Amino acid sequence: MIIIAKTSQDAEKIAAQLDTKNPIKPVFVHNNRVALAGVKKLPEDALKSISQYIVETITNHHSAIKSSRDFHPENTIITTKYSVIGGANFVFMAGPDSIESPEHVKEMGEDVKQAGATILRGGAFKPRTSPYSFQGNGEEGLKAHRAAADALKMDMVTEILDTRDVDLVDSYTDIFQVGTRNMQNFALLKALGKKNKPVVLKRGMSATIDDLLNAAEYIAAGGNDQIILMERGIRTYDNKYTRNTLDVSAIPVLQSLTHYPVVADASHAAGVSKFVEPLALAAIAAGAQGLMTEIHDDPSHAFVDGAQALTPAQFKQLTEKANKVREAIK
Ligand code: PEP
Ligand code: MN
């Protein structure tokens, strides 16, 4: 049950009355209203003694409260140095899967910037299915990525895998990326909740929409509400022709449930470069507020994820079509 109070003083009075071993902490909600979440069903007399402080009681609400549009109807808009994300804005995030070398990330950055991207992506810490695969260039990669982003006046987004690296990655990046495999790494989500920096939260490959909203709530509960939700394809039974199934329906559904921007990554959904463009356009048609795309100038020699990488020319074509689709659905 969620109890809504008018002020935090009232919320504290209610909390003090609640007989609980698990202290109920007020969760700030909206318009000066304060919510107490996780309240067990109260006996009538207990409810009576605090009724004067209660504005509203809500039962059967999903547990993601700060993330919910019910309490925060306006879209969250996130402003970084070179990008505005959310609302009616649209953002292209693009770059190689991994930071391969300082020269390479800079060249790829030039190409994607020229095509309209404002956020340069690239992994320095790579979550690989096999421990014997390339694991990323670590801090050297972060340095090269930062230098390229600065030189090109772009924002940097990079994946964080481990709570122990939060401060290191924080010292380089503009935006954290939590990958599909870490969407429910609660320790990591809590650590990012303490940072005043945007987080791209990718949907777990087997996560439901409520799982994703609750993962976002972990970040928000810590005090960080600069969250960008990313649909990147979910695991389904047919993985012969695509790597994952892009859940296009998740885009409008999430937008109806949450005020956070919802963007799409068609690269990991498709897994095959020729399917990236149609899936990306479908995501935009469904209302995605941004796209993340992997590119490479020599896909067959990419360190990671070459099969799904667009060439810079293909990416340019994608952005042109993407802008036409955006125009068409205005
Ligand atoms: C990536 O962006 O390179 C990545 C590893 O993505 P995901 O977590 O969606 O697999
Ligand atoms: Mn990748």
Side-chain angles (χ1 to χ4, degrees), residues 91-100 104-105 108-109 112 117 119-131 133-138 141-142 145 155-162 165 169 173-185 188-189 192 198-207 211-212 215-216 227-236 239 242-248 250-251 254 262-273 275-276 279-280 283 288 290-311 315:
V91 69
F92 288 108
M93 320 179 190
D97 166 274
S98 319
I99 306 302
E100 299 185 358
H104 186 255
V105 64
M108 295 301 92
V112 299
I119 303 178
L120 180 57
R121 66 144 285 144
F125 294 100
K126 292 302 306 169
R128 304 307 303 284
T129 301
S130 162
S133 301
F134 173 63
Q135 302 287 308
N137 280 323
L142 294 174
H145 195 170
D155 295 310
M156 159 176 176
V157 60
T158 197
E159 183 164 356
I160 169 88
L161 294 181
D162 192 317
D165 297 326
V169 175
T173 199
D174 300 304
I175 305 173
F176 291 106
Q177 176 177 321
V178 175
T180 192
R181 295 160 186 83
N182 268 310
M183 189 205 80
Q184 285 185 315
N185 179 341
L188 185 60
L189 301 175
L192 297 175
V199 179
V200 166
L201 179 61
K202 288 190 154 198
R203 179 179 180 184
M205 60 184 92
S206 305
D211 291 338
L212 174 57
I227 301 167
I228 301 152
L229 300 174
M230 185 176 281
E231 164 59 37
R232 49 77 71 196
I234 50 176
R235 186 157 275 198
T236 47
N239 58 6
T242 58
R243 192 172 171 184
N244 291 283
T245 294
L246 181 71
D247 183 5
V248 174
I251 297 164
L254 282 166
V262 179
V263 301
D265 167 357
S267 302
H268 291 85
V272 182
S273 60
F275 303 133
V276 171
L279 295 185
L291 267 191
M292 178 178 271
T293 310
E294 287 188 348
I295 64 129
H296 202 282
D297 53 337
D298 184 7
S300 62
H301 291 103
F303 286 13
V304 182
D305 281 350
Q308 67 197 31
L310 298 188
T311 62
F315 177 65

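FYI, side chains are in, hydrogens and waters are out, and symmetry mates aren't considered; it's all heavy atoms of this structure. Note that ligands are numbered from 1 as they come in the structure, with each ligand's atoms numbered from 1 the same way. Since the structure is predicted, the reported quantities are computational estimates derived from the model, not experimental observations.
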With distance as the sole test, does [X] use its side chain to make a donor-acceptor pair with the main-chain N or O of [Y] at under 3.5 Å?
| X | Y | result |
| --- | --- | --- |
| Glu231 | Asp247 | yes |
| Thr242 | Ala270 | no |
| Asn244 | Arg232 | no |
| Thr158 | Gly122 | yes |

Taking only residues two or more places apart in sequence, or in another chain, which ones meet Ser133 in a side chain to side chain donor-acceptor pair (under 3.5 Å)?
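With neighbours one apart ignored, the set is empty.
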
Tell me, please, which residues at least two apart from Asp305 pass side chain to side chain donor-acceptor pair (under 3.5 Å).
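Asp305 satisfies side chain to side chain donor-acceptor pair (under 3.5 Å) with Arg243, His268, Gln308 once adjacent residues are dropped.
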
Arg128 atom CZ: more than 12 heavy-atom contacts under 6.0 Å
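Counting neighbours around CZ of Arg128, more than 12 heavy atoms of other residues, nucleotides or ligands fall under 6.0 Å, so yes.
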
Excluding waters, how many protein N/O/S atoms sit closer than 2.8 Å to the Mn ion (ligand 2)?
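Protein N, O or S neighbours of the Mn ion (ligand 2) under 2.8 Å, waters not counted, come to 4.
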
Between His104 and His296, is the gap from one ring center to the other below 6.0 Å?
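Yes, close enough.
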
Verdict with supporting geometry, Ile160 and Asp165, side-chain contact (heavy atoms from CB on, under 4.5 Å)
CA-CA 7 Å; Ile160 169 88; Asp165 297 326; 3.8 Å; yes

Who's touching ligand 1 if we go heavy atoms under 4.0 Å?
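Near ligand 1, by chain and number: Asp97, Arg121, Lys126, Pro127, Glu159, Gln177, Gly179, Thr180, Arg181, Lys202, Arg232, His268, Glu294.
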
